[in-house]
Structure formats: C-alpha cells, structure tokens
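Let me begin by presenting the structure, written as structure tokens, before commenting on it.
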Amino acid sequence: MRILLIHSDYLKYKTKSKTKIAEKIDDKDKIGEFKEALVVFTAVEKEDEENPDGVVENAVSEVKDVLSKVGAKNVVVYPYAHLSSSLSSPDVAKEVLQKMESRLDEMNIPVARAPFGWYKAFEVSCKGHPLSELSRTVTAEPKKEEKVEEEKSKFYVIADGKILSTEEFRYKEGDFKKLVANELGKMESTGEEPPHVRLMREKSLADYEPSADVGHLRWYPKGRLIRDLLADYVYNLVTERGAMPVETPIMYDLADKAINAHAAKFGERQYRLGTKSKNLMLRYACCFGAFRILADSFLTWKNLPVGMYELSTYSFRLEKKGEVVGLKRLRGFTMPDLHTVCRDMDHAMEEFNDQIDMCKQTGVDLGVNYEVIMRATADFFEENRDWVMEAVSKIGKPVLLEILPERKHYWIAKMDFAAIDYLGRPIENPTVQIDVESGERFGITYMDQEEKEVNPIILHCSPTGSVERVICSLLEKTAAEMDEKPPMLPVWLTPTQVRIIPIAERHADFAMKLASDLKAQKVRVDVDEMHETVGKKIRNAGKEWVPYVVVVGDKEIEGNQLTVNVRKTGEKVSMDVDELVSRIHDETAGMPFRNLPLPITLSKRVHF
RNA sequence: GCCUUAGUGGCUCAGGGGUAGAGCGAUGCCUUGGUAAGGCAUAGGCCGGGGGUUCAAAUCCCCCCUAAGGCUCCA
C-alpha cells in the first residue's frame with residue numbers, strides 16, 4: 001500500500017461522476033469539507049491482497065504515529081489510485097479503506113473517508129511545515145510484537161472411561177508413554193537420524209531431489225508402486241463409504257476473501273507465486289478445491305452426508321528448513337483428504353464416530369500401531385463430554401486428551417492418530433476434525449427440511465495421513481522391530497512378492513515359465529537369472545525384503561513341489577504353485593493389486 | 001530460520017598443505033552351482049560450489065548450497 005500524508009489547513013471535495021466500481025453513498029457524503037485534517041491519500045496494491053488485515057493494522061499505526069507528531073485534529077482517508085501502478089482489486093481496496101476508517105474510529109480518532117470509485121474534484125491546502133508532506137509504503141509484514149502468551153492447553157489421559165491427570169495415570173512401557181512424553185515436551189532426545197531416511201534410499205523407494213526445493217522427493221519405480229497402491233487403498237476405502245472422488249487445482253488466488261482468510265491461519269508456511277495480475281498460493285490440502293465445489297453445488301438435506309474425496313498430489317507447505325526430514329516432514333507431499341458435509345453438530349458427531357472406525361482400520365490394514373490424541377476446545381468438551389468419552393472408548397486403549405482453552409483454528413474437536421517412530425517420536429498420520437467455520441466462510445449451504453438455507457458442519461478426514469508418512473511409519477516400524485523379526489513390508493505393498501532363483505542356466509526357461517504363471521495370477525514376481533551363486537542370490541533377495549523366495553533346479557523341474565523360503569518365519573516350506581498363490585492371495589485379500597512396474601529379470605534392472 | 005556437526009567414485013567411509021585410497025556395488029572373464037558374500041581383472045573422482053591465503057589447497061580461512069541433530073513449529 002502506498003500512502004501520501006498531507007497535513008492540511010483544509011480539504012474540500014465534491015463527487016462528480018461515478019465509475020463502474022463506485023460504492024453506494026448517501027447524498028450527504030457527496031460533498032466533504034474538513035479543517036486541520038491529516039489527509040491520507042491511499043492506494044491499495046496487489047500485494048496487499050494477501051493479508052489486507054495486516055496492511056490495515058500497519059497503515060493505521062503509521063497514520064496514528066504521524067498524527068501525534070503533527071497534531072492534526074482529524075483524519076481523512078482519501079482513495080487515490082494514482083500512487084501505484086499495481087493496484088489491488090476494487091473489492092479489496094474498498095475493504096481495506098473501510099477497515100482503516102473503522103479501526104481509527106475505534107481508537108477515538110475523528111475520522112472521515114472520501115467515497116471510493118467516484119471522480120472527485122478536490123482542493124487541499126498543505127501547511128508546508130517539514131512533516132506536512134510524507135509518503136509511505138506500508139506492507140503487511142512487520143507486526144512481530146504479537147507474541148502474546150497464549151493460555152496453554154491442558155492434558156489428561158482417558159482410560160477405562162475415566163479422566164485422569166497425566167501424572168496419576170500409570171503408564172506401561174510402550175508407544176503411548178512415548179506419545180505422552182512427546183506431547184508434553186518431556187522427551188529426552190537421542191540425537192540419531194531416523195532410520196527410514198537410510199531405508200528409503202537403500203530400498204530405492206525415494207530420494208532427495210537436489211534440483212528442486214528442500215523437502216521435495218523423487219520417487220523411483222518401487223516407491224512409486226507403493227504410493228500408487230496406497231492411493232488405490234484409500235480410494236477404495238472412502239468410495240465404499242460413499243465418498244465421491246474429485247480433482248481440483250493446486251493453486252488459488254489470494255484475492256478470494258474466503259481463501260485468504262483460511263490461508264492467513266497458515267501464516268508463513270505457504271508457497272506463494274505471482275503472475276502479472278494475480279497473487280497465488282499453492283494449496284496445503286484439498287480444502288479449497290472441495291469447498292469451492294461444494295459452495296457451487298446445490299445441496300439439500302436429502303444429499304447429506306456428502307463426502308468429497310481427493311488425493312492431493314501434491315500438497316505444499318513451506319516448512320522451515322530445519323524441520324524438513326526424510327519422509328516425515330516434507331514441503332511437497334501427498335495426502336488423502338476427505339471432506340464430509342453434515343447437517344448439524346449431532347450429525348457431524350455421528351459421522352465422526354464412523355470415521356474413527358475408518359482411521360482405526362487403516363492401522364490394521366497397514367500393520368501399524370497408532371496411538372491417539374483427542375483434542376477439543378474447552379467449551380465443546382464441557383457440552384459434549386459424553387460424546388467425547390464414547391468416541392474415545394472406540395479406540396479401546398488409553399487416549400491422550402488435550403483441552404484447548406479456546407478455538408485457535410477452524411476445528412472444535414479432532415482426533416489425531418500417530419505412529420511412533422524408531423526414536424520414540426510421533427508421526428502424525430490419520431486425523432478427523434470437526435470444522436465449524438468453513439461452511440460459512442466459503443458460502444457452503446444446504447436446503448434443510450424447512451426449505452431454509454443452512455451452513456453445514458464439515459468434517460475433515462485423512463484416513464491414513466500423508467502417503468509419505470505412511471511409508472515413513474512402515475519403514476520406522478521395521479527398523480524398530482529389526483531385533484525381533486526380519487524386516488519387511490506388508491505383502492500387499494511389497495514390490496517383489498516372489499523371487500525365483502534358477503540354479504544354473506539350464507533352469508532359466510523353467511523359472512521364466514513359472515514366473516509368467518504367477519504373474520498371470522496377479523502375483524508380483526521376478527527372476528534372478530544373474531551369474532551368481534545361489535547363496536548370493538538368496539542374500540540379495542533378503543536385502544530386498546522379498547517375502548517368498550523360490551529356488552528352482554532339477555528337482556523342481558521333475559516334480560511339482562517348490563521349496564519356498566518364507567521370510568516372515570524363516571522357514572523353508574514345500575508347496576506347489578497353487579498353494580503359493582493362494583497363500584499370497586489370502587495374505588493380501590481385500591487389498592489393491594498392481595503389476596510389478598520393473599523388468600522381470602534382474603539383469604535388465606536399472607540401479608537407482 | 002537459529003545453533004552444532006558433516007559433505008572425498010553409485011553406496012558406506014579412511015586420508016588431512018606436495019602422485020586420490022579401501023570395501024560394497026557396476027562391468028568383463030573363469031566357475032554351472034541346491035539356500036544369507038566363489039575367484040580373478042577392469043572401469044569409475046573438478047574431494048559439494050564460489051572466493052581467498054600459499055611456490056603449492058581435497059586439506060587452512062571466508063561466503064554459499066545440501067544433509068543430520070537440537071531449538072522452534074506442524075490447521
């Protein structure tokens with residue numbers, strides 16, 4: 001924003017004719033005359049659209065400062081577009097000017113405002129003393145002094161239907177104890193690197209991409225396969241429950257008020273980009289896209305609940321550099337994001353309970369243990385204590401409860417599910433939230449039974465949390481359990497499910513035939529026909545965490561039994577092809593399948 | 001973003017003012033083998049980038065980039 005401050009003897013103006021963007025005014029405002037006024041000629045600029053309120057605050061304090069120095073009697077805010085060549089939209093400009101007026105008024109400073117969007121004749125008499133003419137550029141940025149001590153949350157443990165203080169609860173050794181220690185900031189740190197960072201590279205899943213920004217990854221074929229399978233998994237999970245998949249843009253115009261207000265809560269953690277005429281931000285979740293569709297749809301009470309699902313490939317958050325790590329904290333990541341439109345709070349609470357079940361189920365399907373935090377505002381908790389207790393009881397084990405003194409974000413209640421990493425720190429994964437703000441802010445309405453337009457309550461839910469964090473949890477889990485059992489991924493997610501090892505060259509044809517049989521029955525299989533000893537090839541299969549390894553030689557060609565090395569148990573089991581296939585099918589029942597996106601023979605494979 | 005530490009072949013690391021090193025991996029040859037490393041050979045390096053100090057810098061100094069840990073933070 002540009003402002004030109006003139007300390008005047010008097011200012012007179014008279015409206016002449018309207019422009020297209022003129023605001024409506026009373027006749028009395030068509031002429032104005034002010035004596036001993038500090039005239040604030042103001043041009044609101046494009047960049048102010050990102051944070052109009054911040055600009056208003058800073059402009060007002062600037063005006064107040066000058067006012068006290070020159071000792072003018074009153075302030076006139078005067079729209080003056082000619083101070084800038086990069087103007088904001090008229091709507092934002094009007095809003096900013098109005099807010100400047102009302103903020104000054106609140107401070108008991110006599111203030112008037114000349115009408116916006118009119119051609120005006122004016123006459124100003126400048127006093128001519130040193131401070132009587134000042135120009136300033138005002139931005140939204142520096143208002144750092146707002147480090148007000150916020151009232152802190154209170155934490156409790158809910159166990160067996162009782163609310164206990166975090167001190168009186170008796171912890172068993174394990175993930176929940178670690179979660180609480182972390183949440184309360186009582187975690188002693190070991191200073192090691194989380195093992196998943198090494199594993200994601202060692203297993204050729206993903207790696208840092210130095211040519212991108214910090215926190216953006218390249219995904220190799222195996223990693224990409226796992227991502228796709230997880231995407232399929234969540235897609236099936238939510239569509240079975242009636243959600244409708246959509247796809248929406250990854251960037252949004254900050255001139256949109258609702259988006260701006262929502263984005264402002266995210267503060268500095270946004271990627272911004274500009275074109276000649278717009279200020280854009282990259283989305284940090286799918287909320288905007290879903291809300292815009294929902295706002296433009298005609299919803300009725302009969303439709304509800306309406307579930308809208310999108311996998312955000314990608315979501316962007318400009319996390320601080322020192323916080324970005326491996327798969328755990330990224331600047332570009334992929335998150336399943338489900339928004340559910342509910343009639344009212346009762347309905348939302350009912351759906352919330354359903355979604356708890358869904359989140360819980362993902363832990364089972366992925367083989368990952370979740371510990372749970374229920375968070376609620378104090379008001380909500382007092383009014384809905386019974387419901388909270390019931391929701392928590394669905395978890396079937398102790399849950400950490402956070403009571404927030406007041407609403408900080410758009411939600412009044414949420415449940416967070418966290419896996420615990422090798423070093424005992426939480427990886428925040430699934431979440432369900434009750435959003436009481438966005439319905440109104442984004443103009444989402446539905447027609448209720450009395451034919452009235454009503455703002456719905458909206459649930460946000462990510463049933464697995466970000467895809468990257470899911471993979472992170474899986475890898476951390478294998479590292480944590482390394483001493484007890486051989487590390488491996490769930491069979492439905494593992495790239496190579498069966499590795500066939502021919503003993504000598506004359507067994508290669510048989511191995512290839514066997515592989516194509518297995519492949520035809522939807523098993524991901526490959527053949528290690530490299531010029532190596534059997535021992536070496538077994539070892540290599542082990543390094544890749546292949547769950548089933550089949551060595552084929554003369555014996556297997558003659559009979560129809562295979563000797564299968566089962567990684568999970570470390571046993572060598574004799575079975576025929578059908579038994580192997582059905583064993584794998586049983587283990588992966590209900591889970592998505594995709595083909596192995598790699599050459600079937602190892603010698604053709606690229607080393608990433 | 002701040003503090004600390006680190007960056008040397010694809011990977012894991014040694015070296016530490018004066019010929020650039022090892023293991024694994026890769027490639028080739030020999031071995032045609034029965035369950036977690038067979039043998040021999042070869043290739044592969046602007047020692048993260050830029051500036052400086054020096055006769056001489058991978059090595060010392062400064063700046064930057066990247067990573068890890070910590071702080072802080074994560075709707």
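Proteins get letters first, then strands, A, B, ... in listed order; numbering begins at 1 in each.
- Using a 4.0 Å heavy-atom distance criterion, A:Val197 is classed as making no nucleic acid contact.
- The separation of B:G69 from B:G21, taken at their P atoms, amounts to 34 Å, rounded to a whole angstrom.
- Counting any heavy atom pair closer than 4.0 Å across all strands shown, A:Gly570 reaches no nucleic acid atom.
- B:U53 makes up no base pair with any nucleotide shown, lacking Watson-Crick or G-U wobble contacts both under 3.5 Å.
- Between A:Lys328 and A:Glu476, no side-chain nitrogen of the basic residue sits less than 4.0 Å from a carboxylate oxygen of the acidic one, so the salt-bridge criterion is not met.
- The residue among A:Gly326 and A:Met530 whose nearest nucleotide of RNA chain B is located toward the 5' end is A:Met530.
- If you check B:G45 for Watson-Crick or wobble pairing at under 3.5 angstrom, you find it has no partner at all.
- Among the protein residues, A:Val549 comes within range of no part of the nucleic acid, since none of its heavy atoms lies under 4.0 Å from any strand.
- Among the heavy atoms of the strands, none lies under 4.0 Å from A:Arg331.
- The residue A:Glu202 sits apart from the nucleic acid: no heavy atom pair falls under 4.0 Å.
- For the pair A:Lys320 and B:U72, the criterion of a side-chain N or O lying under 4.0 Å from OP1 or OP2 is not met.
- Counting non-hydrogen atoms under 4.0 angstrom, A:Gly322 reaches a base of the nucleic acid.
- Nucleic acid contact class of A:Glu556 (heavy atoms, under 4.0 Å, all strands): base.
- At B:G69, none of the side-chain N or O atoms of A:Arg329 fall inside 4.0 Å of OP1 or OP2 (strictly under the cut-off).
- One P atom belongs to B:C24, the other to B:U42, and the distance between them is 15 Å to the nearest Å.
- When heavy atoms are screened at a 4.0 angstrom cut-off, A:Thr431 is found touching no nucleic acid atom at all.
- The partner of B:A68, taking Watson-Crick or G-U wobble pairs whose two distances both stay under 3.5 Å, is B:U4.
- Of the two residues near RNA chain B, A:Ala212 and A:Glu323, the one whose nearest nucleotide lies more 5' is A:Ala212.
- With A:Pro430 as the fixed residue, the side chain to side chain contact (heavy atoms under 4.5 Å, CB included) test singles out one of A:Cys359, A:Ser462, A:Cys461: A:Cys359.
- Among A:Val550, A:Val581, A:Asp526, the single residue meeting the side chain to side chain contact (heavy atoms under 4.5 Å, CB included) criterion with A:Leu518 is A:Val581.
- For the P atoms, the distance from B:C62 to B:G44 is 36 Å, rounded to whole Å.
- When heavy atoms are screened at a 4.0 angstrom cut-off, A:Val324 is found touching the sugar-phosphate backbone but no base atom.
- Base pairing annotation: B:U12 forms a Watson-Crick or G-U wobble pair with B:A22, both donor-acceptor distances under 3.5 Å.
- The gap from the C1' atom of B:A41 to that of B:A58 amounts to 29 Å, rounded to the nearest Å.
- Remark: B:C29 base-pairs with B:G39; criterion is Watson-Crick or G-U wobble with both hydrogen-bond distances under 3.5 Å.
- Checked for salt-bridge contact, A:Lys513 and A:Asp517 meet the test: a charged N lies under 4.0 Å from a carboxylate O.
- Between A:Thr533 and B:G33, a side-chain N or O to OP1/OP2 separation shorter than 4.0 Å is absent.
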- side-chain contact (heavy atoms from CB on, under 4.5 Å) between A:Lys360 and A:Val372, intermediate numbers included: CA-CA 10 Å; A:Lys360 218 179 130 186; A:Val372 178; over 6 Å; no
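- Residue contacts shown for A:Asn540 are absent, as no nucleic acid heavy atom lies under 4.0 Å away.
- Residue contacts shown for A:His531 include a base, since a base heavy atom lies under 4.0 Å away.
- Of the side-chain N and O atoms in A:Lys414, none sit less than 4.0 angstrom from OP1 or OP2 of B:C74.
- If you check every strand for non-hydrogen atoms under 4.0 Å, A:Arg469 touches a base.
- Residue A:Lys536 places no side-chain N or O under 4.0 Å from the OP1 or OP2 atom of B:U35.
- Between A:Arg539 and A:Glu532, no side-chain nitrogen of the basic residue sits less than 4.0 Å from a carboxylate oxygen of the acidic one, so the salt-bridge criterion is not met.
- Contact between the side-chain N/O atoms of A:Tyr208 and the OP1/OP2 oxygens of B:A68 is found at a separation under 4.0 Å.
- Under 4.0 Å is where a charged nitrogen must lie from a carboxylate oxygen, and between A:Asp207 and A:Arg201 at least one such pair does.
- Nucleotide B:A58: unpaired (no Watson-Crick or G-U wobble partner with both distances less than 3.5 Å).
- Taking atom C1' on both B:A22 and B:A14, the two are 7 Å apart, rounded to the nearest angstrom.
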